[in-house]
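Worksheet for the structure shown next.
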Amino acid sequence: MWVLTPAAFAGKLLSVFSLPLSSLWRSLVLLFCWLRATFWLPGIKRTKKQLVPREPDKTKEEEEDPPLSTTPTSVNYHFTRQCNYKCGFCFHTAKTSFVLPLEEAKRGLLLLKEAGMEKINFSGGEPFIHDRGEYLGKLVKFCKAELQLPSVSIVSNGSLIREKWFQNYGEYLDILAISCDSFDEQINVLIGRGQGKKNHVENLQKLRTWCGNYRVAFKINSVINRFNVEEDMTEQIKALNPVRWKVFQCLLIEGENTGEDALREAERFVISDEEFERFLERHKEVSCLVPESNQKMKDSYLILDEYMRFLNCRKGRKDPSKSILDVGVEEAIKFSGFDEKMFLKRGGKYTWSKADLKLDW
């Protein structure tokens, strides 16, 4: 079209000047309209077309960057909700007494290993309460000896552990984490960790010794709350010398420790972010301290309940998936709400095998 325009323009111009003077003005008006239509209007249309932003090819983008599947690298299996303590802030309470048959639990653990699990942590409730720790011991041995997982760990309040258990199963356990929220026994009683004449702090020292004797890495977990937030635990933690001291900020979970259906009322234990930060500042000289605020903790754990369902905490409560025993790990984990980036950011993956820790036993 644009190649023909100069010739067309010349023809129009000659035809104008060949007309009588009376028709000249009318012809010039018509020529102007032709020029306007030929040169200006198409330019406007092209300019507008160039200014329209190009819509991205969403389908193509989605094909190039598919959502990544979650690998259950580290799993926390709360196989029982039963416990002999009554901690006021507990966020996994005794709402059922169900425990899977041993072989079914092993089947689920095998599914997790096949899906990429490297570390299993057994918790509760109190994991040593069922069958006096034998059920737990058999699972620990299965995971280390048969599944050959790099790391097998337990979180316990420590009150039901006997030396015989270490004799039978200690070689298969990488890490034992003992919950200790205070080195003042009266505060432990206020929190709910008191149990008659047994002294929680004295028992902690005994367990530390057994871990050394049977080559199990020793760890301490503490929940910082209204009753212990002003305590200074520096000297006691240094003396016990755990491989890690996990320090949690007291967390509210709907249906567990807050709300109408909850078995606990943990509101009175809650502390502010500023109070938690002051506690951390007071203990900054403790090199093994690993802090976990509510923000870091809430969605950065893969939690399996007693039915082997992943628990999604994104809405402030524990919404269960279907059991991995029924639908498999890949399908169930889609509903876990797991934040893998936060898991890595909080240091969820660390040297967790006792073979790699190189401890001075």
Side-chain angles (χ1 to χ4, degrees), residues 78 80-94 122-129 133 153-163 165 175-211 218-253 256-258 262-272 275-276 278-280 282-283 286 288-294 297:
H78 296 248
T80 180
R81 284 179 171 269
Q82 297 298 300
C83 187
N84 58 324
Y85 277 8
K86 299 186 185 302
C87 302
F89 49 71
C90 179
F91 58 85
H92 201 76
T93 54
F122 294 105
S123 189
E126 169 50 48
F128 282 88
I129 202 170
S153 65
I154 297 171
V155 175
S156 167
N157 62 39
S159 64
L160 302 177
I161 305 176
R162 303 291 178 263
E163 187 174 9
W165 192 94
I175 302 171
L176 175 64
I178 300 298
S179 300
C180 179
D181 303 318
S182 177
F183 289 92
D184 183 330
E185 194 60 23
Q186 292 303 312
I187 292 179
N188 283 321
V189 172
L190 284 172
I191 289 171
R193 292 202 188 277
Q195 195 184 32
K197 295 181 180 179
K198 289 185 180 180
N199 187 297
H200 190 77
V201 178
E202 289 178 4
N203 194 51
L204 189 68
Q205 183 59 60
K206 180 175 64 177
L207 291 167
R208 176 68 182 91
T209 301
W210 285 346
C211 282
F218 181 71
K219 177 182 171 184
I220 296 175
N221 287 354
S222 300
V223 177
I224 308 310
N225 60 83
R226 179 57 51 207
F227 294 98
N228 64 3
V229 69
E230 300 301 332
E231 189 172 342
D232 190 338
M233 308 181 191
T234 303
E235 295 305 317
Q236 293 92 335
I237 294 294
K238 285 184 175 180
L240 288 165
N241 192 29
V243 293
R244 280 162 76 87
W245 179 32
K246 202 69 143 326
V247 175
F248 302 97
Q249 182 181 2
C250 182
L251 177 67
L252 294 179
I253 296 290
E256 296 285 354
N257 60 14
T258 187
L263 298 182
R264 298 285 190 277
E265 295 179 357
E267 287 83 357
R268 66 193 181 101
F269 290 90
V270 172
I271 59 172
S272 66
E275 288 174 306
F276 184 65
R278 285 200 297 272
F279 181 91
L280 298 179
R282 193 181 312 128
H283 295 87
V286 181
C288 61
L289 189 155
V290 180
E292 285 195 18
S293 63
N294 287 171
M297 181 183 177

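Note that the numbering runs from 1 along the sequence shown for the chain. Just so you know, these numbers come straight off a predicted model, no measurement behind them.
Of the possible donor and acceptor atoms, none in the side chain of Asn228 sits under 3.5 Å from a partner among the backbone N and O of Ile187. Proximity of a side-chain donor or acceptor of Asn257 to a complementary backbone N or O of Arg264 within less than 3.5 Å is not detected.
Residues Asn84 and Glu126 bring no donor and acceptor atom of their side chains to less than 3.5 Å of each other. Between the side chains of Thr93 and Glu256, a donor-acceptor pair is found at a separation under 3.5 Å.
Taking the six-membered ring for Trp and thresholds of 30 and 60 degrees, His200 and Tyr85 have ring planes inclined between 30 and 60 degrees apart.
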Inset, instruction - Kindly determine whether Met233 and Phe279 satisfy side chain to side chain contact (heavy atoms under 4.5 Å, CB included), including the steps that lead there. - result: CA-CA 10 Å; Met233 308 181 191; Phe279 181 91; 4.1 Å; yes
Inset, instruction - Applying side chain to side chain contact (heavy atoms under 4.5 Å, CB included), run through Ile237 and Leu289 and close with a yes or a no. - result: CA-CA 9 Å; Ile237 294 294; Leu289 189 155; over 6 Å; no
Inset, instruction - For the pair Lys206 and Thr209, evaluate side chain to side chain contact (heavy atoms under 4.5 Å, CB included) and give the outcome as yes or no after the intermediate values. - result: CA-CA 5 Å; Lys206 180 175 64 177; Thr209 301; 5.8 Å; no
Inset, instruction - Begin from the C-alpha positions of Ser179 and Arg193 and carry the test side chain to side chain contact (heavy atoms under 4.5 Å, CB included) through to its verdict. - result: CA-CA 9 Å; Ser179 300; Arg193 292 202 188 277; 3.4 Å; yes
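Surrounding CZ of Phe91 are at most 12 heavy atoms belonging to other residues, nucleotides or ligands under 6.0 Å away. Other residues, nucleotides and ligands contribute more than 12 heavy atoms inside 6.0 Å of the CD atom of Glu163. No more than 12 heavy atoms of other residues, nucleotides or ligands lie within 6.0 Å of NZ in Lys86, so this atom counts as exposed by the packing criterion.
Between Lys246 and Lys219, the closest side-chain pair of non-hydrogen atoms falls below 4.5 Å. Two residues are said to be in side-chain contact when any heavy atoms from C-beta on lie closer than 4.5 Å; Arg226 and Glu275 meet this criterion. The shortest distance between side-chain heavy atoms of Leu176 and Ile161 falls below 4.5 Å. Side-chain contact between Leu204 and Phe183 is present, with at least one heavy-atom pair separated by less than 4.5 Å. Side-chain atoms of Phe276 and Val247, non-hydrogen and from C-beta on, do get closer than 4.5 Å to each other. In this structure the side chain of Arg268 reaches within 4.5 angstrom of the side chain of Phe227, judged on heavy atoms.
Between the CG atom in Asp181 and the CD1 atom in Ile224 there is a gap of 7.0 Å [rounded to 0.5 Å]. Note that CG of Asn157 and CD1 of Ile178 are 7.5 Å apart. Values are rounded to the nearest 0.5 Å. The OG atom of Ser156 lies 13.5 Å from the CZ atom of Phe122; values are rounded to the nearest 0.5 Å. The line from CZ of Phe218 to SG of Cys288 is 10.5 Å long, rounded to the nearest 0.5 Å. Residue Glu185 holds its CD atom at 10.5 Å from CG of Leu190, rounded to the nearest 0.5 Å. Rounding to the nearest 0.5 Å gives a distance of 7.5 Å between CG of Leu252 and CG of Asn294.
With sequence neighbours excluded, the residues satisfying side-chain hydrogen bond (donor to acceptor under 3.5 Å, both in side chains) with Ser182 are Glu231. With sequence neighbours excluded, the residues forming a side-chain hydrogen bond (donor to acceptor under 3.5 Å, both in side chains) with Glu267 are Thr258, listed by chain and number. Checked against ring pair (Phe, Tyr, Trp, His ring centres under 6.0 Å), His92 has the following partners two or more places apart in sequence or in another chain: His78.
When all heavy atoms are compared, the tightest approach of Phe89 to Cys250 is CB-SG, 3.7 Å. Minimum interatomic distance between Gly133 and Trp165 (heavy atoms only, all atoms of both residues): O-NE1, 3.0 Å. The minimum heavy-atom distance between Gln236 and Asp232, with the atom names listed, is OE1-O, 3.8 Å.
Look at Arg282 and Glu230 and you find a salt bridge, because one of the NZ, NE, NH1 or NH2 atoms lies within 4.0 Å of a carboxylate O, short of that distance.
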